[in-house]
Amino acid sequence: MLDIRFVRKNIDVIKEALEKRRADIDVDLFLRLDAQRRKILSELEQLNAQRNKLNTEISHLKRHGEDATGLIQTLKEISVKAKSLDETLSQIQSQIQDWLMQLPNIPHASVPVGKDESENVVVKMWGEKPAFSFPPKPHWEIGEFLKILDFKRAAKITGSRFVVYRGLGAALERALINFMLDLHVKRHGYTEIFPPFVVNEESLFGTAQLPKFKEDLFKIEGEKYYLIPTAEVPVTNLHRDEVLKEEDLPLKYVAYSACFRAEAGSYGRDVRGIIRQHQFNKVELVKFTTPESSYEELEGLLADAEEVLQMLGLPYRVVTLCTGDLGFGAAKTYDIEVWVPSQETYREISSCSNYEAFQARRANIRFRRKGAKKNELVHTLNGSGLAIGRTVVAILENYQQKDGSVIIPEVLRPYLGGIEKIEAAA
RNA sequence: GGAGAGAUGGCCGAGUGGUCGAAGGCGCUCGCCUGCUAAGCGAGUGUGGGGUUAAAAGCCCCACCGAGGGUUCGAAUCCCUCUCUCUCCGCCA
């Protein structure tokens, strides 16, 4: 959410941002509602001030045992008027709130202008794509051959877009989680969080999944709870309605969680394999920073996520999302895309974003500078570090051998009891 | 799931219809005093919104005593619903 006063005073900036994003939102509606709101608000407040004055007089009279019938009559009339104004006001206010909730963040000046995904800008290439002496297999074939991924039984026990990891597959998933957590905690200085995987509506409003993206979420029937689509939600909301201390910033958290996504509207995309699942694991990085340091911290966050791929020896590239592809609440986003040999393409494995104060305003996360009177909103950032399932895809495909086995990257071996490769069970 | 108790400012805690944004204490900030980083004295110390302003400060006004609704001329105080916390019982990894 953006600051209503900022919007009011910078309507041209808003219009330009919406145009760059190719978003169609009625800005004039806002201006009309806002003008109405302020007019009614000041009328109402004048009435209230009048009422408060008369009330004081009445209480004086009453305490001296004098008659206040006339004043009470006047007050009755004022109260009736105030009540109806109040109703009108709250209607307008909720309309304004709805409008503001629909308004996306303003892209940062450094974000390239573009219409869609095709105009994202590659800013970095890392690693060498593996050269195979045979046609590389897709990860689902490798996984089934090695009996580490079981799609059939997952479909039986749950449904499509679910998978069962078995044996070394399950161990690999667990190893990756531990490896990434250890890296970010011990080397990058993040604090580990193990959050609830279920959250309430307020949290989802705070991080801007609601109200716009309800159809992407799993809701628990009969409860007010939702399954989290990412650990970003519980971790960012850790400090909802809090005032942080300047000296504690930046706060850096890393959290493992399962993530649940309805994937509505993605029928037919990535139907095979584990690229797109209803449930997947992810290690997420979240930062709370001062406004002036958030872009520096974004670069740091990106580097922390990249290091995972570097240590695993997986080739990747980094792209800056253009304005047309930028997520709703983000001011700037880097995607890290890992090389997937069977598809001969790079696939997103991490998305690192600076939300500036967009989430902080919704979630009311502030900080106070030393000696300052006023609280300010923090900036929030987050990024995957990394998506576990897609990392498994990358490992299986990039490290596959001609005989169908898969070499384990060295850094993972201590997490897998020292084994060097996954082979077909005898 | 059943029964009961509670939710007030950074913290503790008073306040059962009118002068309450809220006593008192603690903490914190500033000042004074004191021949030691103590004690004492004085003042200040919530958040959000609207107006005034080029802007800020300041000033004026409004709202907020877990949340939402209601009664009333008037609600922290009365009524209803919800949420959370605590105690006991039941169930349970």
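Just so it is clear, the model here is predicted, and its values are computed rather than measured.
- Under the 6.0 Å cut-off for aromatic ring centres, H239(A) and F288(A) qualify, their centroids lying closer than that.
- Rounded to a whole angstrom, the distance from the P atom of G9(B) to that of G46(B) is 13 Å.
- Proximity note for K224(A) (side chain, C-beta onward) versus G18(B), U83(B), G50(B): the nearest is U83(B).
- In this structure, CG of L61(A) is placed 17 Å from P of G74(B), rounded to the nearest angstrom.
- Comparing the same atom, C1', in A38(B) and in G50(B) gives a spacing of 48 Å after rounding to whole Å.
- Per the geometry, CG belonging to D86(A) stands 9 Å off P belonging to G70(B), to the nearest Å.
- Checked against the 6.0 Å centroid criterion, the rings of H278(A) and F218(A) qualify as a close aromatic pair.
- Mapping Y225(A) and S59(A) onto RNA chain B by nearest heavy atom places S59(A) closer to the 5' end of the strand.
- Separation of the C1' atoms belonging to G18(B) and G13(B) is 24 Å when rounded to the nearest angstrom.
- Side-chain atoms of I58(A) lie closest to C73(B) of the nucleotides G50(B), C73(B), U71(B).
- One can place CG of L85(A) at 16 Å from P of C62(B), the figure rounded to the nearest angstrom.
- To the nearest whole angstrom, the two P atoms, one in A93(B) and one in A5(B), are 32 Å apart.
- Taking every heavy atom of residues 36-51 of chain A and every atom of RNA chain B, pairs under 4.0 Å involve R37(A), R38(A), L41(A), E45(A), N48(A), A49(A), R51(A), by number.
- Between D270(A) and R161(A), no side-chain nitrogen of the basic residue sits less than 4.0 Å from a carboxylate oxygen of the acidic one, so the salt-bridge criterion is not met.
- The side-chain hydrogen bond (donor to acceptor under 3.5 Å, both in side chains) contacts involving residues 212-222 of chain A comprise K214(A)-Y226(A), where partners must be two or more places apart or lie in separate chains.
- For an aromatic pair to be called close, the ring centres must be under 6.0 Å apart, and F280(A) with F260(A) fails this.
- In this structure, CZ in R174(A) is found 12.0 Å from CG in N281(A), a value given to the nearest 0.5 Å.
- Distance check on atom P: A3(B) versus C82(B) gives 13 Å, rounded to whole Å.
- The side chain of K83(A) sits closest to U71(B) out of G46(B), U71(B), G49(B).
- Rounded to whole angstrom, the span from the CG atom of N52(A) across to the P atom of C20(B) amounts to 13 Å.
- With rounding to whole Å, E87(A) atom CD is found 11 Å from G69(B) atom P.
- For the C1' atoms, the distance linking G6(B) with C65(B) amounts to 15 Å, nearest Å.
- Pairing for C73(B) is with G18(B), a Watson-Crick or G-U wobble pair whose two hydrogen-bonding atom distances lie under 3.5 Å.
- Among the atoms of the strands shown, none is found under 4.0 Å from any heavy atom of R361(A).
- Separating the P atom of C64(B) from that of U53(B) is a span of 28 Å, rounded to the nearest Å.
- Between K81(A) and E77(A) there is no salt bridge, since no side-chain N of the basic residue sits under 4.0 Å from a carboxylate O of the acidic one.
- Remark: the separation of the P atoms in C61(B) and A22(B) is 13 Å, to the nearest Å.
- Between E292(A) and R369(A) there is a salt bridge, since a side-chain N of the basic residue sits under 4.0 Å from a carboxylate O of the acidic one.
- Per the geometry, NE2 belonging to H60(A) stands 10 Å off C1' belonging to G18(B), to the nearest Å.
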